[in-house]
Peer 1: 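Before I ask anything, here is the structure I am working with.
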Amino acid sequence: MSFDTQILKSGQGVSLGATIIRDGGLVGMPTETVYGLGANALNEEAVKSIFVAKGRPQDNPLIVHISSVDMLDELVYDDGLARRLFETFSPGPLTIVMKKKDIIPNVVSAGLDTVGIRIPAHKAARDLISQSGCPIAAPSANISGRPSPTTAQAVYEDMAGKIPLIIDGGECAIGIESTVLSIVDKPIILRPGAITPKMLEEYLGEVGVHRGEVSIATSPGMKYRHYAPKCDMYLSSSIEETKCLYDRYISIGKRPIVLALAENVDSYIGMQYLNLGDTMDKVMHNVFEYIRVAEKVADVIICDSVEETGIGASIMNRLKKAASKYEDK
Ligand code: AMP
Ligand code: MG
């Protein structure tokens, strides 16, 4: 099916969006992390169409978004821990993986007996859920494998013609996807995000962090390549390496661009660069958007590395994946 994709601001967008969700359709929706591609999580056909629109492999599970902790008991088995964590960290960028109840179709969880649940902080997302009257399953609203969209325009780039509506809720405040925490066994972070291990450890004691690839049985979503720009991308580990690569690309007639940390830009005078910002929060906010800007004007992106501590580790997780196509060659 082909759609004349509309972009509407939050107010109007939410009421039309709720009608579309109730009718089994798809809506591009803002959240504070990245934009989501939402459908009624309890409608199997609607959820299947998310996979089609994104070109997403069927064994990559979706996150179910709820508007309040009161929706939890209908969807998952919780001995009280998830509720307590949500009361502390939500609404916000924390997804909790728990044992699912049968009401959640297997297509949502990609056949796993667990499901990730999140309460988004963006008001338009919560309004959309409550006006729709159902939990909303939503992965990021990009074509599978592309950088996550953090503006309504970026959703349009990937989803025009494939969905009827994008709700424009402005730039995503955070800019990278939620922290995914499994509490099925010992607490373990499956995907790092703005909620760091340290923040969780205050409430949970020791929290494991998954590094690298996971077996398919644990988290199918983690085995796929992600976030890749249309052009090549290289993750540089020093100013010298960035400059050296830049010169080399220029010498072979390519158009490089640097995604630069603010503290490094004085070294990049005369080069084409985008300034990612002078704090980790700004870098996190800008990273996906600037990859999408850069791929339009360059043949190769050379990105500065950030220090792998706190949210820097979450940013580097995305950057390494975004650059991995290049490294694999
Ligand atoms: P995205 O589709 O980009 O929004 O990311 C959703 C991610 O959440 C997936 O790719 C998985 O890594 C993770 N996830 C969702 N549900 C589960 C689950 N039941 N078990 C493990 N990981 C999950
Ligand atoms: Mg995604």
Side-chain angles (χ1 to χ4, degrees), residues 26 28-39 41 47 50-66 75-78 82 93-102 104-120 122 125 135-150 154-155 158-159 172 174-195 208-229 287-288 291-292 314 317-318 321-322:
L26 300 184
M29 64 175 206
T31 84
E32 77 282 15
T33 57
V34 302
Y35 273 73
L37 184 61
V47 172
I50 293 178
F51 289 85
V52 175
K54 284 191 58 134
R56 181 179 175 103
Q58 292 270 352
D59 62 350
N60 195 354
L62 307 181
I63 289 169
V64 173
H65 296 75
I66 58 177
L75 306 174
V76 291
Y77 296 97
D78 172 36
L94 178 67
T95 298
I96 304 181
V97 173
M98 289 163 275
K99 285 265 187 256
K100 80 173 190 70
K101 290 189 174 168
D102 286 345
I104 296 188
N106 285 329
V107 62
V108 171
S109 61
L112 297 171
D113 61 357
T114 59
V115 67
I117 308 271
R118 182 165 101 81
I119 308 176
H122 199 299
I136 294 185
S140 51
N142 49 279
I143 290 171
S144 194
R146 297 258 303 131
S148 299
T150 57
V155 179
D158 280 20
M159 289 297 149
C172 298
I174 290 179
I176 66 170
E177 307 82 352
S178 59
T179 302
V180 177
L181 172 75
S182 170
I183 57 167
V184 175
D185 291 315
K186 279 194 208 128
I188 181 165
I189 292 175
L190 302 177
R191 177 175 72 187
I195 307 273
V209 179
H210 221 289
R211 302 201 186 276
E213 295 298 304
V214 197
S215 77
I216 292 169
T218 322
S219 183
M222 300 169 78
K223 74 178 173 148
Y224 290 104
R225 231 193 78 230
H226 261 107
Y227 319 127
V287 63
F288 280 134
I291 288 175
R292 282 181 177 263
S314 308
N317 168 273
R318 308 307 192 275
K321 290 183 183 185

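Just so you know, ligand 1 is whichever comes first in the structure, and atom 1 is the first atom listed for that ligand. Heavy-atom basis, side chains included; hydrogens, waters and symmetry copies ignored.
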Peer 1: Looking at Leu190, which atoms of ligand 1 are within less than 4.0 Å of one of its heavy atoms?
Peer 2: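 Numbered from 1, ligand 1 contributes 21 (C), 22 (N).
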
Peer 1: Of all the atoms in ligand 1, which lie at a distance below 4.0 Å from a heavy atom belonging to Arg191?
Peer 2: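 Once the distances to Arg191 are compared, the set is 1 (P), 3 (O), 5 (O), 6 (C), 7 (C).
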
Peer 1: Under 4.0 Å from a heavy atom of Asn60: give me the atoms of ligand 1 that qualify, with their elements.
Peer 2: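 The atoms of ligand 1 under 4.0 Å from a heavy atom of Asn60 are 9 (C), 10 (O).
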
Peer 1: Roughly how far, to the nearest 0.5 Å, is the CG atom of Asn106 from the CD atom of Gln58?
Peer 2: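 One finds 11.5 Å between CD of Gln58 and CG of Asn106.
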
Peer 1: Yes or no on side chain to side chain donor-acceptor pair (under 3.5 Å) for Ser314 and Arg191, after CA distance, side-chain angles and deciding distance?
Peer 2: CA-CA 8 Å; Ser314 308; Arg191 177 175 72 187; over 6 Å; no

Peer 1: Among Leu94, Ile96, Thr95, which one satisfies side chain to side chain contact (heavy atoms under 4.5 Å, CB included) with Ser178?
Peer 2: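 Only one option passes, and that is Thr95.
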
Peer 1: Please assess Lys101 against Asp113 for the test salt bridge (Lys or Arg N to Asp or Glu O under 4.0 Å), listing each intermediate value before the final yes or no.
Peer 2: CA-CA 8 Å; Lys101 290 189 174 168; Asp113 61 357; over 6 Å; no

Peer 1: Hey, does Glu177 sit under 4.0 Å from ligand 1 if you only count heavy atoms?
Peer 2: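 No, Glu177 has no heavy atoms under 4.0 Å from ligand 1.
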
Peer 1: Answer yes or no as to whether an N/O/S atom of Ser140 is found below 2.8 Å from the Mg ion (ligand 2).
Peer 2: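 For Ser140, the answer is yes, given that an N, O or S atom comes within less than 2.8 Å of the Mg ion (ligand 2).
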
Peer 1: Indicate, as side chain, backbone, both or neither, the part of Thr95 found under 4.0 angstrom from ligand 1 when only non-hydrogen atoms are considered.
Peer 2: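 Neither; nothing of Thr95 gets under 4.0 Å from ligand 1.
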
Peer 1: Say whether Ser148 and Arg318, considering side chains only, have a donor N or O and an acceptor N or O under 3.5 Å apart.
Peer 2: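 Judged by distance alone, the side chains do not pair up.
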
Peer 1: Are the side chain of Lys54 and the backbone N or O of Leu37 linked by a donor-acceptor pair below 3.5 Å?
Peer 2: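 Pair absent, no side-chain N/O of Lys54 close to backbone of Leu37.
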
Peer 1: Heavy atoms only: which of Pro57, Ser144, Pro61 lies closest to atom 23 (C) of ligand 1?
Peer 2: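 Ranked by closest heavy atom to atom 23 (C) of ligand 1, first place is Pro61.
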
Peer 1: Would Arg56 count as a contact residue for ligand 1, given that I'm defining contact as a non-hydrogen atom of the residue lying under 4.0 Å from a ligand atom?
Peer 2: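 For ligand 1, residue contact (heavy atoms, under 4.0 Å) with Arg56 is present.
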
Peer 1: Which ligand 1 atoms, with their elements, are less than 4.0 angstrom from a heavy-atom of Thr114?
Peer 2: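 Close to Thr114: 18 (C), 19 (N), 20 (N).
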
Peer 1: Does the side chain of Arg292 reach to within under 4.5 Å of the side chain of Asp158, using non-hydrogen atoms?
Peer 2: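 The answer is yes; the side chains approach within 4.5 Å.
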
Peer 1: Out of all atoms in ligand 1, which are within 4.0 Å of some heavy atom of Leu112? Include the element for each.
Peer 2: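 Those atoms are 18 (C), 19 (N), 20 (N).
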
